[in-house]
Amino acid sequence: MNEEEVLRASLARLREEHADLSTAIEALEERGSDPLAVRRLKKRKLALKDRIAAMDDRLTPDIIA
């Protein structure tokens with residue numbers, strides 16, 4: 001596997017984890033669970049979003065128009 005394939009595989013895994021966190025957060029909020037746990041999951045989800053954006057930037061060439 002070259003670097004791009006590794007990045008794409010990691011990106012897919014991170015996107016899946018991000019979606020799983022969304023589902024978990026929704027379920028916890030519906031049940032009225034511990035607000036601290038929800039906040040922690042949201043913080044983790046935001047960190048994943050940042051990592052996903054960084055990987056997307058590495059995979060997408062910077063085009064100056």
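What you see below is based on every heavy atom in this structure, not just the backbone, and it leaves out hydrogens, waters and symmetry mates.
Partners of Glu4 by salt bridge (Lys or Arg N to Asp or Glu O under 4.0 Å), not counting sequence neighbours, listed by chain and number: Arg8.
In terms of hydrophobic clustering, with Ile, Leu, Val, Met, Phe, Trp and Tyr side chains grouped at heavy-atom distances under 4.5 Å, Leu59 and Leu48 are assigned to a common cluster.
Clustering of Ile, Leu, Val, Met, Phe, Trp and Tyr by side-chain heavy atoms under 4.5 Å joins Leu36 with none of the others.
The distance from the CG atom of Asn2 to the CG atom of Leu7 is 9.0 Å, given to the nearest 0.5 Å. Distance check: Met55 CE to Asp50 CG gives 12.5 Å after rounding to the nearest 0.5 Å. Between Leu21 atom CG and Lys42 atom NZ the span is 12.0 Å, to the nearest 0.5 Å. Note that the NE2 atom of His18 and the NZ atom of Lys49 stand 6.5 Å from one another [nearest 0.5 Å]. Once rounded to the nearest 0.5 Å, the distance linking CD of Glu5 with OG of Ser10 reads 12.0 Å.
Residues in residues 9-24 take part in these salt bridge (Lys or Arg N to Asp or Glu O under 4.0 Å) pairs, two or more places apart or across chains: Arg13-Glu17, Arg15-Asp56, Glu17-Arg44.
A side-chain donor-acceptor contact under 3.5 Å links Thr23 to the backbone of Ala19.
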